[in-house]
Amino acid sequence: RLSPSAVDGRVTPLLATEVDTTHPSDHAAVAAASGAILAFIYPAKAHVAEIAQKVKAHQTSRVRAGISARSDIEAGNRLGRAVAERLIERAKTDAASSAGVNWRGEIPVGKDKWVSAEHPPTTPLRPLWGHVEPWLMKSSDALRPEPPPDVDSPEFAKALDEVRQISRTRTPCLL
């Protein structure tokens with residue numbers, strides 16, 4: 001379907017568009033899918049309401065800008081929600097939601113561990129994350145790095161010196 005400005009010369013789009021077709025609205029589809037997935041990840045009522053408001057504002061902005069017709073937005077919204085439903089169903093089976101729920105392990109303590117006498121152990125965040133089924137690769141081991149060198153080794157000292165040197169020679173952020 002042609003965009004509103006292509007159908008009616010009196011409509012001047014507020015944004016440049018690369019394509020003069022708008023059905024279904026790809027922007028509405030992305031907003032709807034993103035909103036549904038974010039609401040799944042952050043289910044608190046306040047988050048869900050805010051996310052829904054932002055999705056609606058984004059979709060409405062395309063109509064107000066003269067880029068999409070309301071029916072294009074509605075079609076994109078339906079498409080985006082359908083995609084999100086499939087992704088959410090997949091997410092429910094990947095073990096991410098239970099990656100730390102029933103962990104009964106012991107936290108190792110020592111000078112080469114992430115806790116020490118100075119930093120007592122606390123419950124780790126998602127300690128079983130390695131058991132989550134990856135979406136885009138066959139195994140989570142595919143990108144696993146080699147273990148770091150021993151803290152008393154020359155390799156560790158060299159790497160630590162490099163980090164310290166970089167830290168001493170940083171330039172200020174200009175943002």
Side-chain angles (χ1 to χ4, degrees), residues 24-61 73 75-175:
S25 167
D26 53 349
H27 288 267
V30 169
S34 300
I37 291 167
L38 286 169
F40 170 73
I41 295 170
Y42 304 105
K45 283 185 181 182
H47 294 303
V48 172
E50 183 179 358
I51 291 166
Q53 180 184 13
K54 300 236 184 249
V55 167
K56 185 175 182 177
H58 178 74
Q59 292 175 341
T60 302
S61 74
I73 298 297
N77 192 50
R78 285 190 301 275
L79 177 62
R81 289 189 169 282
V83 168
E85 284 176 23
R86 292 194 63 185
L87 290 171
I88 289 168
E89 287 307 311
R90 166 65 169 82
K92 289 178 180 178
T93 67
D94 68 5
S97 62
S98 62
V101 177
N102 296 316
W103 185 70
R104 302 277 186 258
E106 281 191 32
I107 300 171
V109 176
K111 68 178 183 175
D112 61 342
K113 305 299 181 204
W114 60 279
V115 292
S116 64
E118 298 86 39
H119 304 284
T122 59
T123 303
L125 179 66
R126 307 279 189 198
L128 302 175
W129 195 257
H131 298 288
V132 173
E133 182 183 339
W135 287 42
L136 302 175
M137 57 187 174
K138 292 180 181 183
S139 165
S140 60
D141 292 338
L143 301 176
R144 188 159 305 206
E146 294 293 320
D150 184 82
V151 295
D152 294 322
S153 70
E155 294 85 10
F156 184 88
K158 182 180 177 188
L160 182 58
D161 285 342
E162 181 182 354
V163 170
R164 288 179 174 151
Q165 176 61 28
I166 291 169
S167 179
R168 285 191 296 271
T169 59
R170 292 178 308 189
T171 57
C173 180
L174 301 176
L175 296 180

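Treat the numbers as computed from the prediction; the structure is a model and nothing was measured.
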Please tabulate, for side-chain N and O atoms in residues 52-60, each donor-acceptor pair with protein atoms closer than 3.5 Å (sequence neighbours left out).
from  : atom 1 : to    : atom 2 : distance (Å)
Gln59 : NE2    : Ala28 : O      : 3.0
Gln59 : NE2    : Asn77 : OD1    : 3.0
Thr60 : OG1    : Lys56 : O      : 2.8

Could you tell me whether a side-chain N or O of Arg170 sits under 3.5 Å from a main-chain N or O of Ser167, the two making a donor and an acceptor?
yes
With sequence neighbours excluded, tell me which residues meet side chain to side chain donor-acceptor pair (under 3.5 Å) with Glu146.
none
Holding to salt bridge (Lys or Arg N to Asp or Glu O under 4.0 Å), I want the full list of residues that pass it with Arg144, two or more places apart in sequence or in another chain.
Asp141
Can you name the side-chain contact (heavy atoms from CB on, under 4.5 Å) partners of Ser153, sequence neighbours left out?
Pro149, Asp150, Glu155, Phe156
Taking side-chain hydrogen bond (donor to acceptor under 3.5 Å, both in side chains) as the cut-off, I'd like each qualifying pair that reaches into residues 42-51, sequence neighbours left out, listed once.
none
Just to verify, what does Glu133 make a side-chain contact (heavy atoms from CB on, under 4.5 Å) with, not counting sequence neighbours?
Arg90, Asp94
Let me see the working for Arg86 and Glu89 under salt bridge (charged side-chain N to carboxylate O under 4.0 Å, His left out), right down to the final yes or no.
CA-CA 5 Å; Arg86 292 194 63 185; Glu89 287 307 311; over 6 Å; no
side-chain contact (heavy atoms from CB on, under 4.5 Å) against Ile37, all qualifying residues, sequence neighbours excluded:
Ile41, Ala84, Leu87, Ile88
Residue list, salt bridge (Lys or Arg N to Asp or Glu O under 4.0 Å) with Glu162, at least two apart or on another chain:
none
For Arg168, what residues pass the side chain to side chain donor-acceptor pair (under 3.5 Å) criterion, not counting sequence neighbours?
Gln165
Partners of Ala75 by side-chain contact (heavy atoms from CB on, under 4.5 Å), sequence neighbours excluded?
His23, Pro24, Arg78
Salt bridge (Lys or Arg N to Asp or Glu O under 4.0 Å) with Asp152: which residues, sequence neighbours excluded?
Lys111
